[in-house]
Amino acid sequence: MANQDSIISVRNLEKKFGNHLVLKDISLDVTPGEVVTIIGSSGSGKSTLLRCLNLLEDPTNGEINFKGENILGNGFEITKYRSKVGMVFQSFNLFNNLDVLENCIVGQTTVLGRSRQEAEEMAMEQLKKVGMDPYIKAKPAQLSGGQKQRVAIARAVSMSPDVLLFDEPTSALDPEMVEDVLASMKALAHTGLTMILVTHEMAFARDVSDHVVFMDKGVVAEEGTPEKIFNNPKEARTKEFLKRYL
Ligand code: ADP
Ligand code: MG
């Protein structure tokens with residue numbers, strides 16, 4: 001049963017690639033305004049889970065409910081859904097042929113049907129928040145990784161999403177760029193946006209998360225508050241994983 005308070009409610013989710021079972025019986029509830037962090041070793045299925053939540057992958061079995069509606073049901077409107085549940089990728093995925101401002105406008109006008117002026121105002125507001133408003137005419141190739149990621153965040157937020165997914169948003173960045181991006185994400189978390197993020201930045205996860213999910217080999221091995229997971233993990237595999245980071 002979907003939890004009535006949840007904005008996203010995952011039930012018994014399974015994903016196979018061929019015969020390879022990558023997600024096994026995943027259940028997860030995310031309430032509005034919550035910041036949920038997914039941690040776990042490489043290959044444990046974190047990206048696949050996020051990609052299922054955004055329907056970039058088709059789950060093999062199980063349920064994903066968004067505001068009480070099963071998004072895997074027939075006739076569900078995927079394009080509209082993706083504007084409600086946005087994604088920030090490790091590799092930025094900006095439109096390289098468009099400048100910074102256009103990157104933040106195009107989805108708003110084409111998917112949301114906003115006027116050019118309305119979209120531009122929203123884009124400028126979000127670019128200011130991440131400190132990228134001086135770069136509106138720059139093309140992505142002229143920016144550092146950290147700057148590109150801040151534009152990607154502004155672009156995602158410009159769509160007024162209900163939920164934003166982040167898949168290792170700082171993993172491709174030089175160390176000196178990481179703090180700016182984490183600061184932008186922390187500011188967003190404080191606006192009450194619902195966020196689900198995959199990260200290896202454990203200090204950040206401990207600081208901003210309401211809930212932490214530890215994945216191991218395609219299952220949720222342990223979950224709970226940051227205090228519980230980081231200070232008092234119960235499972236041997238959680239302890240083993242955290243030893244490498246803390
Ligand atoms: P993580 O993000 O935790 O590192 P992934 O979700 O990327 O893990 O991958 C989980 C497992 O699924 C890995 O064994 C990976 O090789 C496999 N996998 C991911 N995407 C695909 C795909 N498109 N085709 C086949 N196998 C995949
Ligand atoms: Mg991954």
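Reckoned from all heavy atoms, side chains included, excluding hydrogens, waters and symmetry mates. All ligand and atom numbering here is 1-based and tracks the order in the structure.
- For the residue pair Asp29 and Ser9, a side-chain donor N or O sits within less than 3.5 Å of a side-chain acceptor on the partner.
- A salt bridge is defined here as a Lys NZ or Arg NE, NH1 or NH2 lying under 4.0 Å from an Asp or Glu carboxylate O, and Asp99 with Lys137 meets this definition.
- The side-chain contact (heavy atoms from CB on, under 4.5 Å) search around Leu72 returns Leu55, Pro59, Ile64, Asn70, not counting sequence neighbours.
- Taking the centre and axis of the six-membered ring of Tyr135, the NZ or CZ atom of Arg150 falls outside the cone set by 45° and 6.0 Å.
- Listed by first then second residue, pairs satisfying side-chain hydrogen bond (donor to acceptor under 3.5 Å, both in side chains) with a partner in residues 194-204 read Glu168-His200, His200-Tyr245, not counting sequence neighbours.
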Distances only, to 0.1 Å: what are the N or O pairs between ligand 1 and the protein that fall under 3.5 Å?
| residue | atom | partner | partner atom | Å |
| --- | --- | --- | --- | --- |
| ligand 1 | 2 (O) | Ser47 | N | 2.9 |
| ligand 1 | 2 (O) | Ser47 | OG | 2.8 |
| ligand 1 | 3 (O) | Ser44 | N | 3.2 |
| ligand 1 | 3 (O) | Ser44 | OG | 3.4 |
| ligand 1 | 3 (O) | Gly45 | N | 3.0 |
| ligand 1 | 3 (O) | Lys46 | N | 2.9 |
| ligand 1 | 3 (O) | Lys46 | NZ | 2.7 |
| ligand 1 | 4 (O) | Gly43 | N | 2.7 |
| ligand 1 | 6 (O) | Thr48 | N | 2.9 |
| ligand 1 | 6 (O) | Thr48 | OG1 | 2.5 |
| ligand 1 | 8 (O) | Gly45 | N | 3.2 |

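- For Asp25, there are no salt bridge (Lys or Arg N to Asp or Glu O under 4.0 Å) partners two or more places apart in sequence or in a different chain.
- Within the 2.8 Å limit, Ser47 places at least one N, O or S atom next to the Mg ion (ligand 2).
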